[in-house]
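Everything below concerns the one structure shown next.
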2 protein chains.
Amino acid sequence: MREEKKKRLATKGWKVGSASAFLGLSKDEETYIEIRLRLAEGLKNRRLRRGRTQLGLAKALHSSQSRIAKMEASAPGVTLDLMIRALLALGTSKRELAAIIAGGSSARAA
Amino acid sequence: MREEKKKRLATKGWKVGSASAFLGLSKDEETYIEIRLRLAEGLKNRRLRRGRTQLGLAKALHSSQSRIAKMEASAPGVTLDLMIRALLALGTSKRELAAIIAGGSSARAA
DNA sequence: TGACGATATGTCAGATTCGACATATTATTT
DNA sequence: AAATAATATGTCGAATCTGACATATCGTCA
């Protein structure tokens, strides 16, 4: 590993279902959040690499700038659906998408 | 290809944003739907391979049998979030998940 | 055939997410 | 520093999704 950036796993305002407050996410929940973070990072990286602005991408997606910002922040209340659609709108292929999810130094050029 | 089953791409009751009715999905929309189908298939395959019932999986997910059925049918109104969580609940790893999305004969054992 | 377990389909109220908008914060350029 | 562009943050009504439930269909076994 190297480009892991430390993986801060912010967990900001996360709900984290019911009783398991902040500490004690199940393995699955952890993986789920990790995937979200990867997609968020991948989204931002790709957008910047393409020299696009959040507002531009938003229009292409029929969404709004603020929502794009929230996606890239992996904020609670953004679905994977939206993140993935955004990535597709940036020209990401299924294979590249898979690489982003699987992790492991996959941030190849666009 | 071989286990593609023909990829019926049912498109049942799909909304397909605004003007492009049924015919003329954009490339991105097509890819998005394809991903959904792959996840749905992967989910069903994995569940069966593990010998679990929809009801059983539903309980593990704090969901309901009917919703699992809808997921496996890739019905409109089920999010990728839910499908992915279901796959994780079945013990699918990030790498396996990526393989399902990328496609290409990836339905390895569980 | 009838009973039974599993899966499919339809509906609905409550919860969540959406796009939009206002506004703050952070670069960047002059 | 002031202006400008880009991004972040907060809020809100409308749209969508969720779990639960009822009920129908299917498959298998006695």
Side-chain angles (χ1 to χ4, degrees), chain A residues 8 10-19 28-29 32-33 35-37 39-90, chain B residues 8 10-19 28-29 32-33 35-37 39-90:
Chain A
R8 28 194 187 97
T11 321
K12 284 186 184 178
W14 272 102
K15 193 82 70 64
V16 184
S18 63
D28 290 350
E29 288 170 323
Y32 173 71
I33 293 188
I35 290 175
R36 293 180 58 94
L37 284 178
L39 290 174
E41 280 184 31
L43 179 53
K44 182 159 202 167
N45 287 343
R46 272 188 154 59
R47 179 179 62 78
L48 292 179
R49 190 130 37 186
R50 296 269 174 114
R52 303 253 255 141
T53 111
Q54 289 185 344
L55 188 58
L57 177 55
K59 283 183 189 159
L61 256 175
H62 301 291
S63 181
S64 61
Q65 180 268 323
S66 58
R67 195 137 290 275
I68 304 282
K70 279 154 192 161
M71 287 188 222
E72 294 185 350
S74 188
V78 274
T79 57
L80 293 186
D81 295 66
L82 204 50
M83 295 195 210
I84 287 181
R85 285 224 220 84
L87 277 163
L88 294 179
L90 283 171
Chain B
R8 30 199 185 94
T11 323
K12 284 187 185 178
W14 272 102
K15 192 81 70 63
V16 182
S18 63
D28 290 349
E29 288 168 324
Y32 173 71
I33 292 188
I35 289 175
R36 293 180 60 95
L37 285 177
L39 290 174
E41 279 183 31
L43 179 53
K44 182 159 202 168
N45 287 342
R46 270 188 156 61
R47 180 179 61 79
L48 292 177
R49 192 131 37 186
R50 296 268 173 115
R52 303 192 63 181
T53 109
Q54 289 184 343
L55 188 58
L57 176 55
K59 283 182 188 159
L61 256 176
H62 302 293
S63 182
S64 61
Q65 180 268 322
S66 59
R67 196 134 291 274
I68 304 282
K70 280 154 193 160
M71 285 188 225
E72 294 186 350
S74 189
V78 275
T79 57
L80 293 184
D81 296 64
L82 204 49
M83 296 195 208
I84 287 180
R85 285 223 221 84
L87 278 162
L88 293 180
L90 283 171

_With nearest nucleotide decided by heavy atoms, which residue, H62(B) or T53(A), maps closer to the 5′ end of DNA chain D?_
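Nearest nucleotide further toward 5': that of T53(A).
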Please list each protein N or O that sits under 3.5 Å from an N or O in nucleotides 21-25 of chain D, with the distance.
| from | atom 1 | to | atom 2 | distance (Å) |
| --- | --- | --- | --- | --- |
| dC21(D) | N4 | S66(B) | OG | 2.6 |

To the nearest angstrom, how far is [X] atom [atom1] from [N] atom [atom2]?
| X | N | atom1 | atom2 | result |
| --- | --- | --- | --- | --- |
| L82(A) | dT16(D) | CG | C1' | 13 Å |
| M71(A) | dT7(D) | CE | P | 13 Å |
| R52(A) | dA5(D) | CZ | C1' | 17 Å |
| R85(B) | dT16(C) | CZ | P | 11 Å |
| Q54(B) | dC26(D) | CD | P | 15 Å |
| L57(A) | dG19(C) | CG | C1' | 14 Å |
| M83(A) | dC18(C) | CE | C1' | 14 Å |
| I68(A) | dG10(D) | CD1 | P | 19 Å |

*Donor-acceptor under 3.5 Å (D81(A) side chain, L80(B) main chain)*: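 Yes, D81(A) side chain to L80(B) backbone: donor-acceptor pair under 3.5 Å.
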Check the phosphate of [N] against [X], side-chain N and O only, distance under 4.0 Å to OP1 or OP2. Yes or no?
| X | N | result |
| --- | --- | --- |
| S63(B) | dG19(D) | yes |
| K44(B) | dA8(C) | yes |
| R47(B) | dT7(C) | yes |

*What are the two closest non-hydrogen atoms of R47(A) and R52(A), and how far apart are they?*
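Between these two residues, the closest heavy atoms are NH1-O, 2.8 Å.
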